[in-house]
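In what follows, a structure is listed as C-alpha cells, so that the remarks can point back to it.
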Amino acid sequence: MTEGHQYHLGTVNFIGNKLFSAALLKRVARQKSGFVFVPSKLDKDIERLQDFYGKDGYLDTQVRLIRKANVPPEISTSSIR
C-alpha cells in the first residue's frame with residue numbers, strides 16, 4: 001500500500017463577494033486553513049454559502065470553488081467565487 005501525501009487546506013479566498021465581507025463568509029464556511037483537505041466537506045461549504053445568500057432572497061447566487069493544489073505539495077489553496 002502507498003498512502004501518498006496528506007493534503008491540508010491553505011489559504012481560502014473569496015472573490016467577487018459584494019454583499020457580505022470575506023470575514024463573515026469565512027465564518028459561514030466550516031473548513032478553515034490548516035484543516036485536512038476533504039473534497040466532500042468543501043462541497044458542503046459551497047452548499048452552506050448558497051443557503052446563506054438564499055435566506056436573504058439571493059436564490060440565483062452561484063458559488064464556485066477554484067482549487068490550486070501542490071503549493072507546496074501538501075497544501076491546497078482555494079478561492080471561492
Side-chain angles (χ1 to χ4, degrees):
M1 174 175 19
T2 304
E3 293 178 344
H5 292 284
Q6 182 184 47
Y7 288 83
H8 291 81
L9 284 176
T11 305
V12 177
N13 300 305
F14 291 89
I15 301 168
N17 51 303
K18 293 182 172 88
L19 296 172
F20 303 108
S21 70
L24 177 60
L25 296 177
K26 283 183 180 185
R27 289 198 312 256
V28 172
R30 293 189 180 162
Q31 299 305 296
K32 312 287 184 217
S33 294
F35 281 25
V36 172
F37 180 79
V38 180
S40 61
K41 289 184 178 182
L42 284 175
D43 291 342
K44 290 281 186 193
D45 275 349
I46 289 170
E47 238 178 83
R48 198 171 283 110
L49 289 162
Q50 288 173 324
D51 289 345
F52 180 75
Y53 275 87
K55 73 172 179 54
D56 283 342
Y58 296 94
L59 304 178
D60 295 329
T61 298
Q62 295 179 3
V63 179
R64 194 170 55 133
L65 177 68
I66 302 167
R67 208 171 59 196
K68 185 176 180 182
N70 298 328
V71 189
E74 298 82 23
I75 297 176
S76 174
T77 300
S78 299
S79 295
I80 299 174
R81 183 176 289 228

Can you tell me how far CG of Asn13 sits from CG of Leu25, rounded to the nearest 0.5 angstrom? 12.0 Å

Hydrophobic clustering (ILVMFWY, side-chain heavy atoms < 4.5 Å, transitive) - are [Y] and [X] grouped together?
{"X": "Val28", "Y": "Leu42", "answer": "yes"}
{"X": "Leu24", "Y": "Tyr58", "answer": "yes"}
{"X": "Leu19", "Y": "Ile46", "answer": "yes"}

Could you tell me whether Asp60 atom CG has more than 12 heavy atoms of other residues or ligands within 6.0 Å of it? no

Flag the pair Asp45 and Arg48 as a salt bridge only when some basic side-chain nitrogen lies within less than 4.0 angstrom of an acidic carboxylate oxygen. yes

Would you say Lys32's side chain and Lys26's backbone share a donor-acceptor pair under 3.5 angstrom? yes

Quick one: does Ser33's side chain have a donor or acceptor within less than 3.5 Å of a partner on Leu9's backbone? no

Distance-minimising heavy-atom pair for Phe35 and Arg30: CE2-O, 3.4 Å

Side chain to side chain contact (heavy atoms under 4.5 Å, CB included) with Val36: of Gln31, His8, Lys41, only one passes, and it is His8

is_close_aromatic(Phe20, Phe14), centroid dist under 6.0 Å: no

